[in-house]
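I have placed the structure first, in the form of structure tokens, so that the comments after it can refer back to it.
Protein chains get the first letters and strands the later ones, always in sequence-line order, with residue 1 at the start of each.
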Number of protein chains: 2
Amino acid sequence: MASRAKATIFDIAREAGVSKSTVSLVLQGSGLIRPETAVKVRKAIEDVGYVYNRGAANLRKAHSNVIGMVINDLTNPFFAELAVGMERVFQSAGIVPFIANTAENPVRQEEVLKSLMEQGVAGLIVSPARGTTPGAFRRLEMAGVPVVFAMRRLPESRIPVITPDNHRGAYLATAHLIGKGHRRLAFFGGSSDLVVYHERLGGFREACETLGIADRDALVLEGETNRKGGIACLETSFAMAEPPTAALCFNDAVAFGAMLALRKRGLEPGPDFAVVGFDDVVEAEHYVPALTSVAVNTAGLGERAAHVMLKMIQSRTTRAEDHIGAVNLVVRESCGPDRRTRARPAGTGGAA
Amino acid sequence: MASRAKATIFDIAREAGVSKSTVSLVLQGSGLIRPETAVKVRKAIEDVGYVYNRGAANLRKAHSNVIGMVINDLTNPFFAELAVGMERVFQSAGIVPFIANTAENPVRQEEVLKSLMEQGVAGLIVSPARGTTPGAFRRLEMAGVPVVFAMRRLPESRIPVITPDNHRGAYLATAHLIGKGHRRLAFFGGSSDLVVYHERLGGFREACETLGIADRDALVLEGETNRKGGIACLETSFAMAEPPTAALCFNDAVAFGAMLALRKRGLEPGPDFAVVGFDDVVEAEHYVPALTSVAVNTAGLGERAAHVMLKMIQSRTTRAEDHIGAVNLVVRESCGPDRRTRARPAGTGGAA
DNA sequence: TTGATTTATTGGAACGTTCCATTTATAGGC
DNA sequence: GCCTATAAATGGAACGTTCCAATAAATCAA
């Protein structure tokens, strides 16, 4: 059953009555081989149950065809969507990308990166884990492996980045809330060791300033970037003397958490407290109430990242231009009706 | 900047003034090396910016430390949870698993499998794509690579399987619906080319028979295994003369779809139509209404699969026992109150 | 001191491929 | 028939590692 030893091109050569070099040529689809010979060889390949040894080949070929995608949180559907976008373009390029999850853990990320390098990847698309140290990608750079960051960037790094326009997205969302009549706002979730955080928070702050919301009415609460973080933020905000009436959340997961916590308090997301998310994952549309969110064209960014990577590999460079993707606010139900048209700020917590 | 050529153990050897063999030994953490020598070598490794070439090593070592996880649908959070469970145990074993997505496409799966084999994986955990042909894993078997199936199995295959008790789960869920007073039931989603489908459907059917539901009152609708499939099933079921009043869904994604479609018709999932899911993904608990679902301990199954794989690799076998995981029904709100205690079957479609 | 034993280190062959420089076969021109 | 040009196939070296057998150095027993 289990074939004695692994078959090599020598076994194929013997079977087909040709030399190993001929087999190698056939394997590479070289046009130098007479068609009949190629057929004969291919039959032999089938017969001996050959499996190509890419490791051995890479020993000579210098560049492999393996591309790694390093994702910081696979359980967040947003990153799954991103990964799927990338896969689409790699697939049509005949490449099978390997996905590795870091679970937002820099130590794990280090291991993953090391392993991928040892495997001899041709390139890496990375969404870095929170708290990644600036030196984490030094080895990659030294080795000349092309890397592009997706969605997240590192403070001082020359690695190209594919990211949505976080500042503008946050500005749009905040302006929407203010336009609805909200005067005490909050920014929920995310942590300051993330560059994205500062970008999104920056948009939030700029909108507040521009549109006349005082600093003390713009609450900022850091927190985990998942549902749990959203719940926590909402709870602490309601424990304050003058709770906000609306929140821009770091991402959709945080927004879902906030809405959950509202429900648990008997409040209705939308009418009682406006929440807007960021990323516009597919769930956003189907949630009850449907979540207003900043759409970033996730899969599109993934595709873009993949294309940039392909180009870098092809042109043997480690540099590329950053790409800032357009965003737009998708208004759904989670911000409720216009606040000013209502008699008074109904709801439990909304005294003041 | 970009170091001239890739550094090899020879470069390290020269730098440290030892032989390549000594370097190799240090790399493998052999105790044969004098500690001071090891220190010297390790310094040299750092200095030359060495990166280990696992491909070259595998050429001699026969067995690599790469394990592949082949997932049929990464955008389904269920499989993401499964993957995370597996990762947990591999991580503690010092292994970085590579994840590849087949997007439920057998052709893609073929490519992925081929690529992973060429990479020389030590083992594979696979959740096979829909419509996988029986021969798809022949090459793997021939090559003696350990494979375990997770969540799904193939019709005639001797490859070990880790799966929840689908039959029992479906039975439990169906019995629950019948216990609530429902008399016209449906099974939504899934397709008959999936073994899981038959298992779950079998549980549904057995419960119906045992508990006195006639065949004609047990509607079965195949469909996609995602939200869209759930929407479609609900729509076609409501187009019938005597629509069901409750449905067991193939999985949670289908259930979410069904609930969505109900809402769109102005019906309230639970009171107006009972729906129960399968898998109990984390979203189930947080949905509105919270979804009653069959919990399968997803991450636990993932861990189990990983353990089995590790054991197989260690003992150099390609066989292992199947594992059928316990399930339990988590009752939440999506089935509403007991049907018999209500005046009459309210709702739009529920005449008769 | 000598030989035996243990501890560290080393050179060489092997792993399965690719690529280059050759060789051999086939065809074309005259 | 011979020479040249082209097409097809080949042997050998190289890629970066591991492992084995062998050597060199240190320790010990007598």
Side-chain angles (χ1 to χ4, degrees), chain A residues 3-42 44-45 48-66 114-115 117-122 143, chain B residues 3-42 44-45 48-66 114-115 117-122 143:
Chain A
S3 49
R4 40 215 166 284
K6 268 198 179 98
T8 76
I9 51 171
F10 283 92
D11 299 307
I12 300 170
R14 193 177 334 104
E15 183 82 7
V18 298
S19 79
K20 63 167 185 16
S21 302
T22 304
V23 176
S24 175
L25 257 5
V26 172
L27 248 17
Q28 297 171 75
S30 161
L32 288 177
I33 301 295
R34 195 151 44 102
E36 309 123 65
T37 312
V39 168
K40 200 171 52 178
V41 170
R42 267 190 275 272
I45 289 177
V48 302
Y50 172 74
V51 5
Y52 185 72
N53 185 333
R54 207 169 280 280
N58 287 344
L59 219 41
R60 292 240 39 184
K61 273 207 305 201
H63 264 321
S64 76
N65 72 338
V66 177
K114 178 151 169 272
S115 176
M117 283 197 72
E118 294 181 352
Q119 226 54 238
V121 289
Chain B
S3 49
R4 41 213 166 285
K6 268 197 179 101
T8 75
I9 51 170
F10 284 92
D11 300 306
I12 300 170
R14 193 176 337 104
E15 183 83 6
V18 298
S19 80
K20 62 163 185 21
S21 302
T22 304
V23 176
S24 175
L25 258 4
V26 172
L27 247 19
Q28 299 171 75
S30 161
L32 288 178
I33 301 294
R34 196 153 41 104
E36 308 122 67
T37 312
V39 167
K40 201 171 50 178
V41 170
R42 265 190 275 274
I45 289 177
V48 302
Y50 171 75
V51 7
Y52 185 73
N53 185 334
R54 208 169 279 280
N58 287 344
L59 218 43
R60 292 242 38 186
K61 272 208 305 202
H63 263 320
S64 76
N65 72 338
V66 177
K114 178 151 168 271
S115 175
M117 282 196 73
E118 293 181 352
Q119 226 54 239
V121 288

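Minimum heavy-atom separation, A:Y52 to A:A57: OH-CB, 3.1 Å. Nearest heavy atom pair, residue B:I33 against residue B:V26, reads CG2-CG2, 4.0 Å. Residues A:Q119 and B:V66 come closest through the heavy atom pair NE2-CG2, 3.5 Å. When all heavy atoms of B:I9 and B:Y50 are compared, the closest pair comes out as CG2-OH, 3.8 Å. A:G120 and A:S64 get closest at one heavy-atom pair: O-OG, 2.5 Å.
Of the options A:E15, A:R14, A:K6, a side chain to side chain contact (heavy atoms under 4.5 Å, CB included) to A:V48 is made by A:E15 and by none of the others.
No side-chain heavy atom of B:F10 sits under 4.5 Å from any side-chain heavy atom of B:V23.
Heavy atoms of A:F10 sit under 4.0 angstrom from at least one base atom. Contact annotation for A:L27: no contact, since no heavy-atom pair falls under 4.0 Å across all strands. Backbone-only engagement by A:I33 is indicated by non-hydrogen atom pairs under 4.0 Å involving sugar-phosphate atoms exclusively.
First and last contacts of DNA chain D with chain B, using any nucleotide atom under 4.0 Å from a protein heavy atom and ordered 5' to 3', fall at D:dG16 to D:dC19.
Taking every heavy atom of residues 34-42 of chain B and every atom of DNA chain C, pairs under 4.0 Å involve B:R34, B:T37, by number.
The overall bend of the helix from C:dT1-D:dA30 to C:dC30-D:dG1, read as the angle between its terminal helix axes built from five base pairs each, is 50° when rounded to 10 degrees.
In this structure, the separation between CG on A:L27 and CD1 on A:I45 is 5.0 Å, given to the nearest 0.5 Å. Here CG of A:L32 is found 11.5 Å from OG1 of A:T37. Values are rounded to the nearest 0.5 Å.
If you find the closest nucleotide of DNA chain C to B:V18 and to A:K20, the one lying nearer the 5' end belongs to B:V18. Where A:S24 and B:L32 meet DNA chain C, the nucleotide closest to each residue was compared, and B:L32 sits on the side nearer the 5' end.
The closest side-chain donor-acceptor pair between B:S19 and B:T22 falls under 3.5 angstrom.
The number of heavy-atom neighbours closer than 6.0 Å to NZ of B:K40, taken from other residues, nucleotides and ligands shown, is above 12.
At the phosphate of C:dT10, OP1 or OP2 sits under 4.0 Å from a side-chain N or O atom of B:T22.
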